[in-house]
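Report on the following structure.
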Amino acid sequence: MESKFQQEQERVNDVMEIIQEQISKLETDTTRQRNEVVQIRKHFWDEVKVNVETFDDYLETIIGLRQEAQALSVSQSTHRHASKRLSTLRRMKESPYFGRIDFIEDGTSTEETIYIGIATLTNDSGEDFLIYDWRAPISTVYYDYQPGFAQYATPGGVIQGRLEKKWQYLIRNGVLQSMFDTSLTIGDEILQQVLGKGTDKHMHNIVATIQQDQNRIIRHEQGRLLIVHGAAGSGKTSAALQRIAYLLYKHRDNINADQIILFSPNTLFNSYVSNVLPELGEENMQQVTFQEYINHRLGHAFQVENPYDQLEYVLTASQSPSYSSRLASIRFKASPLFFEAMEAYRKSLEVSGMLFSDVIFRGKSIVTAAQIAEKFYSYAPSLRFHNRLEKIKEWLLEKLKEIQKIERAKPWVQERIELLSKEEYDQAHAYLAKKRGFKRDAIADYEMEPAALAQLIVLQKLKPLRQWIRAFDFIDIKGIYKQLITDPLYIQQWIDGEIPKEWPIICETTLKTVDEGKLFYEDATPFLLLNELIQGFQTNRSIKHIVVDEAQDYSSFQFEFLKRLFPAAKMTVLGDFNQAIFAHASEMIDFRTLTNLYGPAETEVINLARSYRSTKPIIEFTRSLIPNGKEIIPFNRDGERPELKKLGNHAELNRSIIAKVAQLRARSYNSIAIICKSAEESSSAYDALSEIADIKLLKSNSLEYEQGVVVVPSYLSKGIEFDAVIIYDASEHVYRDESLRRVFYTACTRAMHELHLYSVGEPTPLLRNIPHELFIQA
């Protein structure tokens with residue numbers, strides 16, 4: 001074995017030498033290419049003779065511009081690709097490869113040795129593959145098969161053969177630290193080493209430890225929708241990010257990073273996962289939260305509540321008189337029933353109910369809302385709804401032309417002309433001269449007529465109104481939404497089912513909020529849907545794939561909306577229903593019903609039952625917190641059992657936590673999270689624990705996940721893992737209700753190595769049925 005190890009180290013040395021040679025060459029090439037790009041940009045206009053005197057001169061100018069632009073584009077593209085390859089090679093120096101298979105293809109007797117790493121590497125001639133990219137077709141054998149029969153799909157067909165051996169390597173900076181001959185997908189030894197390490201501020205790629213089920217997710221190609229339902233710590237998000245890298249590799253001629261969107265739970269998460277794709281030599285996809293999209297669309301018109309403010313209300317306002325009606329509102333407005341009602345309501349507007357705004361110019365109504373409505377309903381019912389609105393828009397723009405003729409003779413126009421500064425007058429003169437065909441050197445010869453200047457003044461004054469009409473802002477969307485809730489009985493004609501008994505109160509509260517220029521979070525997507533159904537969906541067909549993480553916190557309503565928003569996109573949906581911390585609304589998404597989006601034939605569901613994040617004792621404890629928890633399979637990584645400590649008051653609690661943090665820091669943990677139920681509790685805990693050096697408070701508007709000791713609300717910790725977790729107050733007072741079980745479970749499952757729970761007074765009843773041998777009670 002020692003001679004084998006030495007042989008492998010010698011191969012590593014040879015590969016490292018080739019990588020360094022290629023790096024040195026590319027460094028020279030990229031420097032030269034960068035200088036070429038700079039020079040082309042610097043002298044771009046020197047190479048183009050601009051002459052538009054005749055048509056031939058104009059044509060020559062255009063051709064010259066196109067040639068220079070093409071040369072610049074080619075140079076930029078060459079430099080970009082070389083820089084990307086250089087970056088990949090530098091990462092390969094840290095760990096050139098991690099796996100190897102010995103494979104004999106059917107019909108041959110020669111054993112082929114395949115080394116697998118984050119990217120392809122060939123010798124100088126380009127003929128011999130020294131390392132295969134982990135996304136290459138043959139690499140599937142490494143992830144999916146034990147020694148024996150194996151096959152992999154290529155564009156030319158399926159290749160079958162025999163996998164003789166499978167090796168795993170741990171290489172760091174050119175030094176082979178360990179190697180294993182294993183019949184498992186990934187040997188426990190390497191996975192143990194990876195999982196046993198401390199965290200840092202970013203998630204990293206998992207290509208060296210991909211499991212068979214994760215590989216199915218990464219390489220999945222069938223249908224429109226892939227649903228990944230996995231336990232906390234099962235690698236859902238990691239697999240999805242590797243999936244994006246795989247799609248960018250396999251379909252590199254048809255898809256780029258800008259055509260993929262990741263809908264993430266919060267901006268902290270965006271920061272946390274930002275390293276994964278660059279580590280694999282790919283550009284990051286677009287990352288956005290659903291709230292950011294809503295704010296982009298509605299933020300100019302409303303102050304929109306964010307989902308965390310909604311959840312904060314749910315977690316802290318149970319004594320409020322309006323609490324039960326607010327929960328009923330959240331449930332109902334998230335439901336497919338309400339989605340169908342909105343569609344039926346929009347359909348009814350074809351016959352009656354459309355509301356418009358007056359067209360106002362200089363403080364006076366030039367076309368009333370009633371006139372617009374009368375005109376709208378004067379069109380034949382057979383004319384499509386959106387075509388009617390287009391006709392209304394054109395009709396209003398014609399009205400503006402009539403107004404323009406009338407207004408230019410009015411006194412206010414002459415007053416405006418007299419108040420023009422010399423600079424404004426000269427600008428108007430130059431504009432009108434060019435419009436009349438005067439060349440630049442002859443502009444002074446143009447004699448500006450008063451009528452032309454008056455017309456220009458009116459045109460400029462009417463410009464914002466023309467833009468307002470072209471944007472269909474004459475439609476009173478706000479009024480149309482209010483119309484739906486002004487009379488509680490109004491909605492019943494479009495509901496094929498029961499409306500909540502609290503509906504009259506819901507209508508009253510919603511109406512008041514909308515009138516104040518605000519929108520509850522549960523109203524934001526319905527309002528946006530109504531706007532799209534009326535004006536026409538602003539669909540984005542350039543997006544080829546969307547990934548929705550923490551999907552259990554989206555409603556059926558929101559998924560239907562996303563489907564219509566991105567009609568050309570395939571969708572990968574990741575989540576764990578046990579972590580549905582927004583599930584106080586019973587109409588949150590259920591993965592069994594999500595198949596209705598595209599139908600069973602276009603949908604595949606993959607379940608990830610094994611959890612890798614936490615030690616076995618932590619997983620055995622956390623899985624006992626939830627129904628069907630026995631289905632979660634812990635990875636066999638040993639550690640300490642979770643510890644529960646009961647205290648008499650908050651002063652004792654804070655002293656104990658301060659002491660525990662000092663102990664955990666002494667064990668060299670990089671990340672320690674003190675997780676609270678809500679932002680309100682987090683703020684109080686942060687103040688009480690301020691003597692902990694460099695302690696940080698994470699808020700919903702925090703842009704970056706930071707290491708060290710952090711105080712964080714339960715809902716912001718989702719998707720992130722920490723070396724050690726402290727549950728700030730797991731008492732009966734804080735976690736009293738059964739509805740908080742998923743919140744509590746989510747908080748506990750963030751821990752990788754240690755979990756400590758503190759309770760001021762009696763512990764939460766959520767722990768009553770936990771076997772005592774699963775945790776230590778101090």
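Quantities reported herein were computed from a predicted structural model and do not represent experimental measurements.
Taking the six-membered ring for Trp and the full ring otherwise, the centers of Tyr554 and Phe561 sit at least 6.0 Å from each other. Not less than 6.0 angstrom separates the ring centroid of Tyr308 from the ring centroid of Tyr521.
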Tabulate below the donor-acceptor pairs under 3.5 Å that side-chain atoms of residues 367-375 make, not counting sequence neighbours, or state none.
unit_1 : atom_1 : unit_2 : atom_2 : d
Thr368 : OG1    : Gln371 : N      : 3.1
Thr368 : OG1    : Gln371 : OE1    : 3.3
Gln371 : OE1    : Thr368 : N      : 2.8

For residues 463-479, which side-chain N or O atoms pair as donor and acceptor with protein atoms under 3.5 Å away, sequence neighbours left out?
unit_1 : atom_1 : unit_2 : atom_2 : d
Arg466 : NH2    : Leu459 : O      : 3.2
Asp476 : OD1    : Gly479 : N      : 2.9

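In this view, Lys563 satisfies the side-chain hydrogen bond (donor to acceptor under 3.5 Å, both in side chains) rule with no residue, not counting sequence neighbours. Take Lys677 and apply the salt bridge (charged side-chain N to carboxylate O under 4.0 Å, His left out) test, not counting sequence neighbours, and it matches no residue. Legend: residues meeting side-chain hydrogen bond (donor to acceptor under 3.5 Å, both in side chains) with Gln492, ordered by chain and number and at least two apart, are absent. Scanning for side-chain hydrogen bond (donor to acceptor under 3.5 Å, both in side chains) contacts around Arg564 gives Glu343, Glu560, with sequence neighbours left out. Scanning for side-chain hydrogen bond (donor to acceptor under 3.5 Å, both in side chains) contacts around Ser542 gives Asn540, with sequence neighbours left out.
Ring orientation note: the planes of Phe290 and Phe263 are tilted relative to one another, at an angle of 30° to 60°.
The two residues Pro713 and Ser678 have their closest heavy-atom pair at CB-C, 3.8 Å. The two atoms that bring Ala568 and Arg541 nearest to each other are CB-O, 3.7 Å, heavy atoms only. Nearest heavy-atom pair across Lys236 and Gly575 is CD-O, 3.5 Å.
Sorted by first then second residue, the salt bridge (charged side-chain N to carboxylate O under 4.0 Å, His left out) pairs that include residues 484-512, not counting sequence neighbours, are Lys512-Glu516. Residue pairs meeting the salt bridge (charged side-chain N to carboxylate O under 4.0 Å, His left out) criterion with at least one member in residues 294-313, sequence neighbours excluded, are Arg297-Glu532, Glu305-Arg326. Judged as a salt bridge (charged side-chain N to carboxylate O under 4.0 Å, His left out), the pairs with a partner in residues 245-257 (not counting sequence neighbours) are, in order, Glu221-Lys250. Sequence neighbours left out, the pairs with a member in residues 492-511 that pass ring-ring contact (aromatic ring centres under 6.0 Å, His included) are Phe332-Trp503, Tyr345-Trp494, Tyr490-Trp494. Contacts classified as salt bridge (charged side-chain N to carboxylate O under 4.0 Å, His left out) and involving residues 348-360 (residues at least two apart or in different chains) are given here: Arg346-Glu350, Lys347-Glu350.
Glu407 places no side-chain N or O within 3.5 Å of a backbone atom of Gln404 that could act as its donor or acceptor partner.
Open room surrounds NZ on Lys391; 12 or fewer heavy atoms of other groups in view lie less than 6.0 Å from it. Within a 6.0 Å radius of CD in Glu602, other residues, nucleotides and ligands contribute more than 12 heavy atoms. Other residues, nucleotides and ligands place more than 12 heavy atoms under 6.0 Å from the CD atom of Glu394.
With Glu604 as the partner, the salt bridge (Lys or Arg N to Asp or Glu O under 4.0 Å) test is satisfied by one option alone out of Lys570, Arg216, Arg224: Arg216.
For the pair Arg384 and Tyr379, the NZ or CZ position fails the cation-pi test of under 6.0 Å to the six-membered ring centre and within 45 degrees of the ring normal.
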